[in-house]
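Have a look at the structure below before the remarks.
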Amino acid sequence: MADRHAHPVTHAVPQAPGWSLLRLSALGRMGLAAGVVALLWIATFAVIA
């Protein structure tokens with residue numbers, strides 16, 4: 001009799017993984033963060049003005 005609680009391992013591994021922050025270099029992450037900060041500043045000044 002097979003064990004009812006034994007599950008076969010069927011984890012699908014994607015062939016082409018999507019975009020990830022972990023794949024960016026440190027310089028790329030800093031650039032992305034700087035862009036987000038710049039957008040927040042622009043939005044803040046747009047609301048104030």
Side-chain angles (χ1 to χ4, degrees):
M1 182 168 133
D3 187 8
R4 291 189 306 170
H5 300 290
H7 299 287
V9 178
T10 57
H11 298 282
V13 177
Q15 295 297 327
W19 186 82
S20 171
L21 283 173
L22 298 175
R23 292 176 183 256
L24 288 178
S25 65
L27 187 59
R29 283 181 284 212
M30 291 296 289
L32 187 63
V36 169
V37 169
L39 285 175
L40 287 173
W41 273 100
I42 291 169
T44 301
F45 286 123
V47 168
I48 291 172

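Just the heavy atoms: all of them, side chains too, but no hydrogens, waters or symmetry mates, feed the values below. Treat the numbers as computed from the prediction; the structure is a model and nothing was measured.
- With sequence neighbours excluded, the residues satisfying side chain to side chain contact (heavy atoms under 4.5 Å, CB included) with Ser20 are Leu22, Arg23.
- Chaining together hydrophobic side chains whose heavy atoms lie under 4.5 Å apart places Leu40 alongside Val36.
- If you chain together hydrophobic residues whose side chains sit under 4.5 Å apart, Phe45 and Val37 fall into the same group.
- With sequence neighbours excluded, the residues forming a side chain to side chain contact (heavy atoms under 4.5 Å, CB included) with Leu32 are Trp19, Leu21, Leu24, listed by chain and number.
- The ring-ring contact (aromatic ring centres under 6.0 Å, His included) contacts involving residues 21-40 comprise nothing, where partners must be two or more places apart or lie in separate chains.
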